[in-house]
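In what follows, a structure is listed as structure tokens, so that the remarks can point back to it.
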Protein chains: 2
Amino acid sequence: MLDAAVKVFSRRGFHAASMDEIAEDAGISKPMVYAYLGTKEELFVACLHREGTRMMQAIAGAAAPDLPADERLWRGLKAFFGFVGAHRDGWAVLYRQARGEQPFAGELATMRARLVEVVAGMLDHALRAEGREIAAVDLEVVAYALVGATESLADWLADHPEADPEKTATRMMNVAWLGAAQLLHGVTWRPPAD
Amino acid sequence: MLDAAVKVFSRRGFHAASMDEIAEDAGISKPMVYAYLGTKEELFVACLHREGTRMMQAIAGAAAPDLPADERLWRGLKAFFGFVGAHRDGWAVLYRQARGEQPFAGELATMRARLVEVVAGMLDHALRAEGREIAAVDLEVVAYALVGATESLADWLADHPEADPEKTATRMMNVAWLGAAQLLHGVTWRPPAD
DNA sequence: GAGCATACCTACTCGTGCGTAGGGTTACGC
DNA sequence: GCGTAACCCTACGCACGAGTAGGTATGCTC
């Protein structure tokens, strides 16, 4: 039943999706949808929640915290892109939708914040192992950028059905890890004096 | 008048924004809005278009094509974040909105495609100068990731009014350029055999 | 088989907001 | 002063879709 909702929401977008269509698609009638899952908003949140949880589990399951940073990142990315590849419409539109609609942006922001935190933690851990440190804000911003790049590639992946998730993950590693590794080794870029 | 529309669209989101509110905010009445700018969709597209054009101009004006790649990237980023910083609500919500709503996603995709193309062209140019080459797809994906990371930081910037655009641009360079530079020098990351 | 409950449906109400019809007001020509 | 034309407004029609009321069938208890 949630599956039907996810499908319709992704096909139409939150507003354009009608409860009638969801009901029809689920093979039941509208009052049933209301009985089981409440209002349209609640239904959407339920979808978002389920997909989000699944995704987080997929990632958390793959990236064990005792691995070295690059290995963790790689496995996390692989799991992430694998998940998106397997749930293309689920991801694409739930995610894109939720981003725009104020009532749900919060829910999503929390999810992203968790991811950012994980990535930032990972970087921080790796940095300390190298005997280095950077300001928490910088760390957060870098993590944010990495997460953003990843989300962006996920969008790309969702739009390119023929693309291979693992290959995409490799490409992401090429951008992200090589850059991050530099930072870890103390190499930084500075603006020209101009 | 477009200013009013942008303001309301960003405050409310596309659907929640009512034409009445836009009209009121612009200090005129609804039929006038229709007379000048047509339907709600057309109005939104007009907003999107204007903001997009302004942004592209800001970037294009800053990143002259005859500069070296890193310098171009840096100036482009500075211009971009500067623009976002100066038009926080304009950017944030128009952009986030357009992403989700199917009728406008295309418009936005075109804009992003132009950006990706520019970035990819830049990388390609730099690569050739080093006597190297990579597949066009890889190039596109890397460019896509960079653009995505940048957009993501733009979101972050829009949500943190106290943050400094130029500093954000520097942070972005730290992630993007150090990574990209590695690629340019032929350093790549490969997945472990496992 | 009568009484009852559970599961579900059809068919409605009602609010909301886009787009417009038709009327008032001011300025100008004659 | 009267016609008229440009301009802008108030006030409405209308469609659409969320949420619900009230009725119907199926199965279960005694």
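Just so we're on the same page: letters track the sequence lines, and every chain starts at 1.
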(message) For Leu115(B), run the side-chain contact (heavy atoms from CB on, under 4.5 Å) check against Ile59(B), Leu146(B), Thr110(B), Thr150(B) and tell me which one passes.
(response) Ile59(B)
(request) Give a yes or no on whether a donor-acceptor pair under 3.5 Å exists between the nucleobase atoms of dG19(C), that is its base, and the side chain of Lys30(B). (result) yes
(request) Take atom CD1 of Ile28(B) and atom P of dT10(D), then tell me their distance rounded to the nearest Å. (result) 12 Å
(message) Rounded to whole Å, how long is the line connecting atom CE of Met19(B) with atom C1' of dC12(D)?
(response) 17 Å
(request) May I ask you to verify if any side-chain N or O of Tyr34(B) is less than 4.0 angstrom from the OP1 or OP2 atom of dC8(D)? (result) no
(request) In whole angstrom, give the distance that lies between atom OH of Tyr36(A) and atom P of dG19(D). (result) 18 Å
(request) Let me know the distance between CZ of Arg12(B) and P of dG17(C), rounded to the nearest Å. (result) 10 Å
(request) Ignoring hydrogens and angles, state whether a donor on the side chain of Glu151(B) or Tyr95(B) is under 3.5 Å from an acceptor on the partner side chain. (result) yes
(request) Would you indicate which nucleotide in dT20(C), dT10(C), dG17(C) comes nearest to any side-chain atom of Ser18(B)? (result) dG17(C)
(message) Please pick, from dG19(C), dC8(D), dA18(D), the nucleotide with the shortest atom-to-atom distance to any side-chain atom of Met32(B).
(response) dC8(D)
(request) Output the single nucleotide from dC8(D), dG19(D), dG19(C) whose closest atom is nearest the side chain of Lys40(B). (result) dG19(C)
(message) Please pick, from dT10(D), dA21(D), dC18(C), the nucleotide with the shortest atom-to-atom distance to any side-chain atom of Ser29(B).
(response) dT10(D)
(message) If I take atom CD in residue Glu42(B) and atom P in nucleotide dC18(C), what distance separates them, rounded to the nearest angstrom?
(response) 14 Å
(request) Starting from C1' on dG17(C), measure out to CD on Glu24(B) and report it in whole angstrom. (result) 15 Å
(request) Return yes if some donor-acceptor pair links the side-chain N/O of Ser10(A) with the main-chain N/O of Val6(A) below 3.5 Å, else return no. (result) yes
(message) If we check side-chain hydrogen bond (donor to acceptor under 3.5 Å, both in side chains) with Glu21(B), which of these qualifies: Lys7(B), Arg11(B), Lys30(B)?
(response) Arg11(B)
(request) Name all residues meeting the ring-ring contact (aromatic ring centres under 6.0 Å, His included) criterion together with Phe104(B); count only those two or more places apart in sequence or in a different chain, and write none if there are none. (result) Phe14(B), Phe44(B)
(request) Using atom CG of Asp20(A) as one end and atom C1' of dC8(C) as the other, report the distance to the nearest whole Å. (result) 16 Å
(request) Classify the nucleic acid contact of Ala17(A) as base, sugar-phosphate or nothing, counting any heavy atom under 4.0 Å across all strands shown. (result) sugar-phosphate
